[in-house]
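Since the structure comes first, as structure tokens, the remarks are kept for the end.
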Amino acid sequence: MSGVFITFEGGEGTGKTTQIARLAAYYRKQGRDVIATREPGGTAAAEELRILLVNGEPGKWSSTSEALLNYAARSEHLRELIRPALLRGQTVLCDRFMDSTRVYQAMAGDCPVALITALETAVVGSTHPDVTFIFDLDPAMGLARAAQRGSGLEDRYERKGLAFHTALRQGFLSIARDQPDRCVVLDARKPVDDVWGALLSTLKERGHG
């Protein structure tokens, strides 16, 4: 595949969406063909599954059920949008991808890691991101930011409690330590312009700027 696949990961309220929009605008100004998408979601069928996952009471699904729903959505997302775009040479920016499922459902939840690994192998296959940015922030600060921006919708995970979100943070940092060639940690406490500067500098260093 000749395109570029960049993913954005992290806990709630870390500023991923802001930076995705900024990077998409930057690339388009350069004349690149860019698709900005999200997970769960990105296609009509996957967005239907998103509604099930991000709304309602925090305990309505088990971690294993969440993982299976996420991977059903991801399978459609990859089939309908991500892989065709990469084959066309487009740049795909995705708000969450496979790392979020591993962290939310296995590292902070109780879904078996072996199941997550099997799903990654079967569904993601070789379609791994070229670069993954992990936005790191104290979870209490992130939850406060999320509460300020939110309307009460899509807040199911935000209501899982501080201990859950602390485990999320450690999970993402663990993946970053294990896969430094792919993952870059950004300090999301910093001002938006500083985070943007670090992100863009990394992409230029890696030949994607």
Side-chain contact, heavy-atom cut-off 4.5 Å: [X] with [Y]?
X	Y	answer
Glu39	Met98	no
Tyr71	Thr101	yes
Arg38	His77	no
Phe172	Val185	no
Leu81	Ile35	yes
Arg22	Leu200	no
Pro112	Thr64	yes
Pro40	Leu49	no

Closest contact, heavy atoms only, [X] versus [Y]:
X	Y	value
Ala188	Arg145	O-NH2, 3.0 Å
Ala167	Ala108	CB-CB, 3.8 Å
Ala67	Leu119	O-CD1, 4.4 Å
Arg177	Pro180	O-CD, 3.5 Å
Asp130	Gly3	OD2-O, 4.0 Å
Ile20	Ala36	CG2-CB, 4.1 Å

With a 4.5 Å cut-off on side-chain heavy-atom distances among I, L, V, M, F, W and Y, is there a chain of contacts connecting [X] to [Y]?
X	Y	answer
Leu186	Leu93	yes
Leu199	Val34	yes
Met107	Phe135	no
Val92	Leu78	yes
Val4	Ile82	no

For the pair [X] (side chain) and [Y] (backbone), establish whether a donor and an acceptor sit closer than 3.5 Å, ignoring hydrogens and angles.
X	Y	answer
Thr202	Ala198	yes
His208	Glu205	no
Asp138	Met141	yes
Arg182	Val131	no
Ser63	Gly109	no
Lys60	Leu52	yes
Asn55	Ile51	yes
Thr14	Gly11	yes

Practice prompt. Verify side-chain contact (heavy atoms from CB on, under 4.5 Å) between Trp196 and Thr18, making sure each step is shown before the conclusion.
Written response: CA-CA 9 Å; Trp196 165 247; Thr18 298; over 6 Å; no

So, taking the atom named [atom1] in [X] and the one named [atom2] in [Y], what distance separates them when rounded to the nearest 0.5 Å?
X	Y	atom1	atom2	result
Leu143	Asp155	CG	CG	11.0 Å
Leu168	Tyr157	CG	OH	10.0 Å
Leu203	Thr91	CG	OG1	10.0 Å
Ile6	Cys94	CD1	SG	11.5 Å
Arg83	Arg88	CZ	CZ	14.0 Å
Asn70	Arg50	CG	CZ	10.0 Å

Practice prompt. Would you check, one step at a time, whether the test side-chain contact (heavy atoms from CB on, under 4.5 Å) holds for Arg32 with Tyr26?
Written response: CA-CA 9 Å; Arg32 298 195 194 191; Tyr26 171 83; 5.9 Å; no

Fill in: Residue pair Glu47, Thr43: steps toward the side-chain contact (heavy atoms from CB on, under 4.5 Å) verdict
CA-CA 6 Å; Glu47 288 291 337; Thr43 69; over 6 Å; no

Practice prompt. Given side-chain contact (heavy atoms from CB on, under 4.5 Å), test Asp187 with Asp136 step by step and report yes or no.
Written response: CA-CA 5 Å; Asp187 185 351; Asp136 181 51; 5.6 Å; no

Worksheet item: Can you name the one residue among Phe133, Phe5, Phe8 that meets ring-ring contact (aromatic ring centres under 6.0 Å, His included) with Phe97?
Response: Phe5

Worksheet item: Does a salt bridge link Glu12 with Arg169, judged by any charged N lying under 4.0 Å from a carboxylate O?
Response: no

Worksheet item: Are Thr117 and Arg102 close enough, and set up right, to give a side-chain hydrogen bond (donor to acceptor under 3.5 Å, both in side chains), and what steps lead you there?
Response: CA-CA 8 Å; Thr117 300; Arg102 182 172 286 273; 2.9 Å; yes

Discussion item. For Lys190, is the NZ atom crowded, meaning more than 12 foreign heavy atoms sit under 6.0 Å from it?
Written reply: no

Discussion item. I'd like to know whether CZ of Arg189 has more than 12 heavy-atom contacts from other residues, nucleotides or ligands below 6.0 angstrom.
Written reply: no

Fill in: Lys160 charged N/C atom sitting above Phe164 aromatic ring, 6.0 Å / 45°
yes

Between the side chains of [X] and [Y], does any donor sit under 3.5 Å from an acceptor?
X	Y	value
Arg96	Tyr104	yes
Thr132	Glu9	no
Asp95	Thr37	no

Practice prompt. Only counting residues at least two apart or in another chain, list the ones meeting side-chain contact (heavy atoms from CB on, under 4.5 Å) with Glu57.
Written response: Arg159

